Number of protein chains: 2
Amino acid sequence: MSSLRDVAERAQVAVSTVSAALNGTRPVAAATKRRIEQAAAELGYRPNLLARGLQSKRTRILALLFPTPAGGFGHTEMLFATGAAEAAKELGYHLLLSPESADPVDELRHLTGLGLVDGVLLMEVRLDDERTEFLSAAGVPFAMIGRTREPDAIDHADIDFAATARDAVAHVAGLGHRELAFFNLSPGRYAESYGPAARMAGEFATAAREAGLGYADGFRPGSAEEGRQAFERLMAERPGVTALAVADDHAAAGVLAGVAARGWRVPEDLTLVLVLSSARAAAMFHPSLTTLEPPSAELGRLGARMLIDRLQGDGPPRQRLVPCRLVPGGSSGPPRAGS
Amino acid sequence: MSSLRDVAERAQVAVSTVSAALNGTRPVAAATKRRIEQAAAELGYRPNLLARGLQSKRTRILALLFPTPAGGFGHTEMLFATGAAEAAKELGYHLLLSPESADPVDELRHLTGLGLVDGVLLMEVRLDDERTEFLSAAGVPFAMIGRTREPDAIDHADIDFAATARDAVAHVAGLGHRELAFFNLSPGRYAESYGPAARMAGEFATAAREAGLGYADGFRPGSAEEGRQAFERLMAERPGVTALAVADDHAAAGVLAGVAARGWRVPEDLTLVLVLSSARAAAMFHPSLTTLEPPSAELGRLGARMLIDRLQGDGPPRQRLVPCRLVPGGSSGPPRAGS
DNA sequence: CTGAAAGCGCTAACAC
DNA sequence: GTGTTAGCGCTTTCAG
């Protein structure tokens with residue numbers, strides 16, 4: 001690999017001039033600059049990021065910290081990562097994938113001590129997240145995909161749960177439904193303090209109330225079997241429910257089984273909406289499910305951009321909430337007769 | 001951040017001694033060593049990876065090159081990445097997530113020219129892959145998850161398609177089936193030269209022949225609708241088929257719809273096996289599908305380990321083939337009567 | 001507008 | 001066993 005010095009020799013100038021010409025750090029005569037650029041091109045010169053980083057204290061590398069939930073990784077998490085990596089790349093940054101171990105804070109201490117990364121992108125943020133405290137205290141720039149309980153001071157991109165719930169409620173209300181139920185993510189898969197689960201439930205209740213719809217929640221099935229059972233219980237307790245929003249793919253499959261077991265059909269007898277899941281998953285069902293798809297790739301992208309933005313200059317916290325996208329499927333219809 | 005010099009001062013020794021003590025590069029008196037380690041601990045010293053890399057030409061960073069297929073990323077690809085990242089971490093390496101653009105070779109030229117990465121991990125390798133040629137020519141260490149047409153000289157970890165096909169065939173043959181069909185990945189989603197699609201079809205044919213089973217293939221549905229149509233066509237052409245292996249999730253959903261439309265049921269009237277898909281996806285079906293789940297995380301892990309192994313020392317090509325894991329589901333049963 | 005020189009934090013000869 | 005020293009390739013004063 002050729003170095004700055006090689007370029008300098010070939011262009012008959014000093015290294016500092018080459019550096020300046022290539023980085024635009026200071027004015028360079030047009031003729032000199034052209035000579036330098038040509039020499040660089042001829043040699044196929046690439047700046048050595050290590051040397052540059054060592055000197056400038058900026059590596060243009062971001063770390064994406066990802067936990068390894070027992071339940072395995074979802075499509076959503078994948079999209080955070082790819083979205084963030086793409087946005088980083090577009091802005092001339094690199095993304096380091098950093099798996100979290102048992103002690104995330106220690107992990108972070110280690111990672112940030114290496115001088116390798118300029119900033120950190122946090123995902124799977126919990127309502128109370130020790131990682132944010134550490135990073136703030138350590139003065140390491142970071143941004144969150146998701147948010148803590150009190151996120152006002154921190155850069156973040158998250159789902160707009162309120163708008164999402166309103167959209168979902170408006171969707172079913174527009175079809176004529178008067179009573180809606182919501183099956184949240186199971187408490188087993190995620191701790192109670194998992195933001196999306198906590199927020200989605202609250203926002204659904206609010207949106208239903210504001211729309212004047214009957215509303216039932218408190219169900220948290222985490223598997224197909226639990227989904228079927230929850231559905232049966234729901235129908236026993238609230239026979240008037242004609243629309244159901246479900247947050248877990250597997251639970252939704254169970255609900256469909258329960259619907260079939262009753263001799264019912266979707267969407268004739270029940271409108272079923274999948275929330276916080278991918279349209280890809282929804283397309284595997286029959287009929288395909290109406291979905292509120294989280295803007296995962298965009299959140300990843302936004303997170304990376306915010307972080308880079310923050311690294312380049314200071315300013316007030318950057319924050320963005322993006323609603324899920326409503327993807328209509330074959331599972332939405334008017335309420336069943338006789339309800 | 002404290003540096004080697006700080007530690008040296010505090011321990012009253014020379015920097016080189018600290019370096020030696022901490023890296024074990026040369027013998028250091030036990031007492032001195034302890035003093036140094038204590039000083040380092042007290043200062044919370046972390047070696048600066050950039051400085052180390054600049055000097056030693058080894059950054060302990062690997063790049064995982066991942067393409068961004070239009071169809072979006074699957075669970076499988078995600079597991080490659082997380083598996084690789086975890087293995088890398090265990091061995092003291094970092095993983096850079098590097099999205100591929102339109103021109104992968106140019107991308108690679110850029111990435112490897114930066115001096116940032118010690119080696120490259122390739123995924124979604126095609127039978128003829130220009131990236132491998134570039135990397136070989138450039139002398140950049142690399143390993144593949146997947147493999148080219150002629151992979152003998154290159155480190156790689158891939159699915160053992162032959163064993164996987166044999167397992168699948170043995171599974172259905174053991175249940176008493178005499179005639180099997182295979183729906184491959186759609187040609188639209190992947191180019192013809194996509195390894196798994198190409199290899200799986202061949203191995204299924206071989207395994208069926210060796211087991212003395214009737215065999216039908218040539219179907220490549222890429223959506224639920226195409227899956228249903230393919231199933232109907234299959235039944236028209238080969239009414240004796242009682243077991244079906246499908247490589248695409250959505251196509252499998254379509255097959256189930258086709259089965260229902262005939263008034264049939266799974267597994268009573270058709271044994272359905274999902275291949276190369278996740279057990280997670282299979283659990284969303286009713287009944288849950290028997291799956292041949294690719295060992296994606298393990299392949300990622302193996303790939304990273306091979307690459308690191310290669311970086312540490314030379315030797316013959318490292319190569320590992322791992323069969324898919326058969327996860328029995330509710331979609332397997334004896335062949336229907338009258339066939 | 002350009003060049004010379006210092007030094008980022010570390011490793012690796014090479015002396016002692 | 002330990003210390004001294006010369007860079008790795010770059011950015012960044014500081015002179016000219």
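Treat the numbers as computed from the prediction; the structure is a model and nothing was measured.
Looking only at side-chain heavy atoms (C-beta outward), A:I159 and A:V322 stay at 4.5 Å or farther from each other. Taking 4.5 Å as the limit, every side-chain heavy atom of A:N48 sits out of range of all side-chain heavy atoms of B:L114. The closest side-chain heavy-atom distance from A:Y45 to A:L22 is below 4.5 Å.
Taking atom CZ on A:R60 and atom P on D:dC10, their separation rounds to 16 Å, with Å as the unit. Distance, A:L49 CG to D:dT11 C1': 14 Å, rounded to whole Å. Rounded to an integer number of Å, the gap from A:L50 CG to D:dT11 P is 12 Å. A:M1 has its CE atom 11 Å from the P atom of D:dG9, to the nearest Å. Rounded to whole Å, atom P of C:dA12 lies 12 Å from atom NZ of B:K57. The CZ-C1' distance, from B:R52 to D:dG9, rounds to 18 Å in whole Å. Rounded to an integer number of Å, the gap from A:L54 CG to D:dG7 C1' is 12 Å.
Counting heavy-atom neighbours within 6.0 Å of B:Q312 CD, excluding the residue itself, gives a total above 12.
Residue A:D155 forms a salt bridge (Lys or Arg N to Asp or Glu O under 4.0 Å) with just one option from A:R310, A:R305, A:R320, and that option is A:R310.
For the residue pair A:D118 / A:T59, a side-chain donor-acceptor distance below 3.5 Å is found, with atom types taken as modelled.
Within a heavy-atom distance below 4.0 Å of DNA chain D, the residues of residues 23-39 of chain B found are B:R26, B:P27, B:V28, B:A29, B:T32. Residues from residues 5-21 of chain A placing a heavy atom under 4.0 Å of any atom in DNA chain D, listed by number, are A:S16, A:S19.
Of the candidate nucleotides C:dC10, C:dC8, D:dT11, D:dT11 has the atom lying nearest to any side-chain atom of A:L4.
If you check distances only, the side chain of B:Q55 does reach the base of D:dG7 with a donor-acceptor pair under 3.5 Å.
A search for side chain to side chain contact (heavy atoms under 4.5 Å, CB included) contacts involving A:L321 returns A:R147, A:H156, A:D158, A:D160, not counting sequence neighbours.
Considering all non-hydrogen atoms of both residues, A:S296 and A:T76 come closest at OG-CG2, 3.4 Å.
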>> Under the criterion side chain to side chain contact (heavy atoms under 4.5 Å, CB included), I'd like the reasoning laid out for A:L95 against A:L64: C-alpha separation, chi angles, the key distance, then a yes or no.
In response: CA-CA 7 Å; A:L95 190 74; A:L64 175 69; 4.0 Å; yes
